[in-house]
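Notes for the one structure printed next.
Heavy atoms only: backbone and side chains are in, while hydrogens, waters and symmetry mates are out.
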Amino acid sequence: MATSIALSLDNLPSDPLLLVLSFLDFRDLISCSFVSRRLNELTGHNPLWKRLCQKHWLLTEADKSHRGLAWKELFREYYADLGRYIDYYGTLKKAWDDLKNYLNQKCPRMIASLKEGVREEELDTIELQIGCKLPNDYRCSYRIHNGQKLVVPGLMGSMALSNHYRSEDLLDIETAAGGFQQRKGMRQCLPLTFCFHTGLSQYMALESTEGRTRSEIFYQCPDQLAQDPSAIDMFITGPNFTEWFTSFVDNVVTGEYPIIRDQIFRYVHDKRCVATTGDITVSVSTSFLPELSSVHPPHFFFTYRIRIEMAKSALPENACQLDSRYWKITNANGNVEEVRGPGVVGEFPVMTPGKVHEYASCTTFSTTSEFMEGHYTFHRLNNKEEVFDVSIPRFHMVCPPFRESMVRSSSVSEVSAPYNDENSSDTDDYERGEMRGMNMADPGGRCPRLV
C-alpha cells in the first residue's frame, strides 16, 4: 500500500501556483500574501506585477528602467498617487495617448494647446470652491491633461457653414469651475467645452437634479415656447465622461471625423452612404448642429458634406460638368418633399479623371429623423447633348437623444400658435444668404454670432 503524502502549499511547485496567481487582480494578490508564507513569497514575483503595471498604468520596460524600481514597487508608487482612479486610468490614458499620436501626424499645432495634468490637491480645492464632488473619471482625465488653452481651433471639434462657425475648446478645470452653474434649470452643471463664436458649451451634471442624471453630458437648449426662462431642454451627448471622451477619440483616430484645414470636423460617415455611377462616385457624411436646433419648437438642423469623385482610370473624353440636382426628402412621418435646382451651392463643378469636388450644405426639419436621396444631372464636355444622371446615395439624419425640461409650463401648448414646419428644405442653393426657416436655439442666453 502506497504511503500517503500530506499535501500543503509549501510542497507544491511554484509554476502552477504562479499560473493561478497570474489570473488575479492586485487586490487578490495582496489578500493572498496574508494566507500563507508560501503565497506571500510568490506574490512578490515580478512578472505578476509587470502585468498589472501594464494593465492599469500602461507602463513599459522603458518606464521601469527610467525609474530604477522593481515592478511591484513601481505599482505601489503609482497606486499611492492614482489608486482612486485605477478603474479609469488605463482607459483614459490610452485614449489621450492615441489622440496625441494621431494629431501629431495630422495637425501637430493642436498638441501645443494641451495643458499638463493637475495635482490631486488642486482638484480637491475646486470641489470645495463649487460645493460639489467631481466624478472620478473626470478627475482622472484632468490628472493626465488639464484641458487645453483657449484657442481656435478647439480640440473637441469644429463645424463651418458659409455664415456660421463653431469650434469647441476642452476647458481647463479652473475655467470650468468659473462657469459652474447654480441658476434654476442648470443647477450643479459644470461646463466641459466652450466655443468663442457661439457661446455654446457642453455641460456635465454633477448631481441628479432637475431631471438630469449625475455625470450625464449634454448641450443645453432653451425652450423657446415656454414662459419660464429656466425651462431648458437637453441634447444628450454622453452618459459619463469616460464614454463621452473615449467615443470622441475613437471617431477621431479611426478617421470617422475628418481633419480639414488642421481642424477636427465632427461629420459622421456611414460606409453604406456611397454610390457609384459609371466613373463617378458620390459619398455623404452628416452632422447635427445643436446650437441651431431646438426641441420646442421642434426644429432640427443638420449639415451634410458631399464628396464627388471621378475615377483616375476614367477616359479623358468622359469629362463632364454638373448641371443640376434633384432631392427626395422623407421625414419620420413619411411625408415626402422633392426639390430640384441648378448646380450645388452656386457652383457647377467640372469633373475630369481623378478630380474630387467636395461641398457642404444644410437642411432643417421638424421630425426627429429624415433621410435624403437623389441624383445629379451632368453633361459631357465634348458633347453637351449627352446628358446623364449620377445617383446620390440615401443618407439618414437622426437627432441625438434629448430630454425635455421638467419645469416647462403646461400652458404653453394652449396659448402658443401651432408650429407648422412639416417638411424639410434642401438649402443647396444658398451661397451667402439667409438659412431660411431657422428658429435658433439660444445657447448661453445669447444668439450665436455669425461669422
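Using a 4.5 Å heavy-atom threshold, the side chains of F235 and F288 count as touching. Using a 4.5 Å heavy-atom cutoff, the side chains of F302 and F395 are not in contact. Side-chain contact between I173 and L134: present, with at least one pair of heavy atoms (C-beta onward) separated by less than 4.5 Å. Between V249 and T246, every side-chain heavy-atom pair lies at or beyond the 4.5 Å cut-off. Contact check for L190 versus Y138: side-chain heavy atoms found under the 4.5 Å cut-off. At least one side-chain heavy atom of Y304 sits less than 4.5 Å from a side-chain heavy atom of V284.
With E243 contributing its side chain and F241 its backbone, the two residues share no donor-acceptor pair below 3.5 Å. Within the 3.5 Å criterion, the main-chain N or O of D97 finds a donor-acceptor partner in the side chain of N101. Checking side-chain atoms of D98 against main-chain N and O of D250 turns up no donor-acceptor pair under 3.5 Å.
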Worksheet item: So L48 and W71, side-chain contact (heavy atoms from CB on, under 4.5 Å) or not? Walk me through it.
Response: CA-CA 8 Å; L48 296 174; W71 287 110; over 6 Å; no
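Considering every non-hydrogen atom in both A360 and T303, the closest pair reads CB-OG1, 4.3 Å. Closest heavy-atom contact between A160 and Y267: O-OH, 4.4 Å. Contact record, C221 with S293: SG-O, 3.6 Å, taken as the closest heavy-atom pair. The minimum heavy-atom distance linking R403 with R212 is given by the pair NH1-CA, 4.1 Å.
Between the side chains of T377 and D389, at least one donor N or O lies within less than 3.5 Å of an accepting N or O. Side-chain N/O atoms of Q188 and Q182 include a donor and acceptor closer than 3.5 Å. A donor and an acceptor atom, one from each side chain of T237 and Q202, are located under 3.5 Å apart. A donor atom on one side chain and an acceptor atom on the other are found under 3.5 Å apart for H164 and E291.
With values rounded to the nearest 0.5 angstrom, D223 atom CG is found 7.0 Å from S405 atom OG. Taken to the nearest 0.5 Å, the CZ atom of R325 stands 7.5 Å off from the OG atom of S361. R119 CZ to N146 CG: the interatomic distance, rounded to the nearest 0.5 Å, is 11.0 Å. Between the SG atom of C132 and the CZ atom of R214 there is a distance of 8.0 Å, given to the nearest 0.5 Å. A distance of 9.5 Å separates SG in C189 from CD in E216, rounded to the nearest 0.5 Å.
Annotation for R84: atom CZ counts as buried by contact number, over 12 foreign heavy atoms lying within 6.0 Å. By the neighbour-count criterion of 12 heavy atoms within 6.0 Å, atom NZ of K355 is densely surrounded, having more than that number from other residues, nucleotides or ligands.
The residues E210 and K184 are annotated as not salt-bridged, no charged nitrogen and carboxylate oxygen being separated by less than 4.0 angstrom. Under the 4.0 Å criterion applied to side-chain N and carboxylate O atoms, D124 and R139 are assigned as salt-bridge partners.
For the side chain to side chain contact (heavy atoms under 4.5 Å, CB included) criterion with S391, the lone passing option out of V282, T277, T276 is T277.
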I'd like a table of donor-acceptor pairs (distance under 3.5 Å, sequence neighbours excluded) in which one partner is a side-chain atom from residues 257-266, with atom names and distances.
from : atom 1 : to   : atom 2 : distance (Å)
Y257 : OH     : N251 : ND2    : 3.3
Q263 : OE1    : S158 : OG     : 3.0
Q263 : OE1    : Y165 : OH     : 2.5
R266 : NH1    : M156 : O      : 2.7
R266 : NH1    : E168 : OE2    : 3.1
R266 : NH2    : Y219 : OH     : 2.6

Report all side-chain donor-acceptor pairs from residues 106-116 shorter than 3.5 Å, counting only partners two or more places apart or in another chain.
from : atom 1 : to   : atom 2 : distance (Å)
S113 : OG     : M110 : O      : 2.8
S113 : OG     : Q148 : NE2    : 3.0
K115 : NZ     : D172 : OD2    : 2.8

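Listed by chain and number, the residues in a side-chain hydrogen bond (donor to acceptor under 3.5 Å, both in side chains) with K64 amount to none (sequence neighbours excluded).
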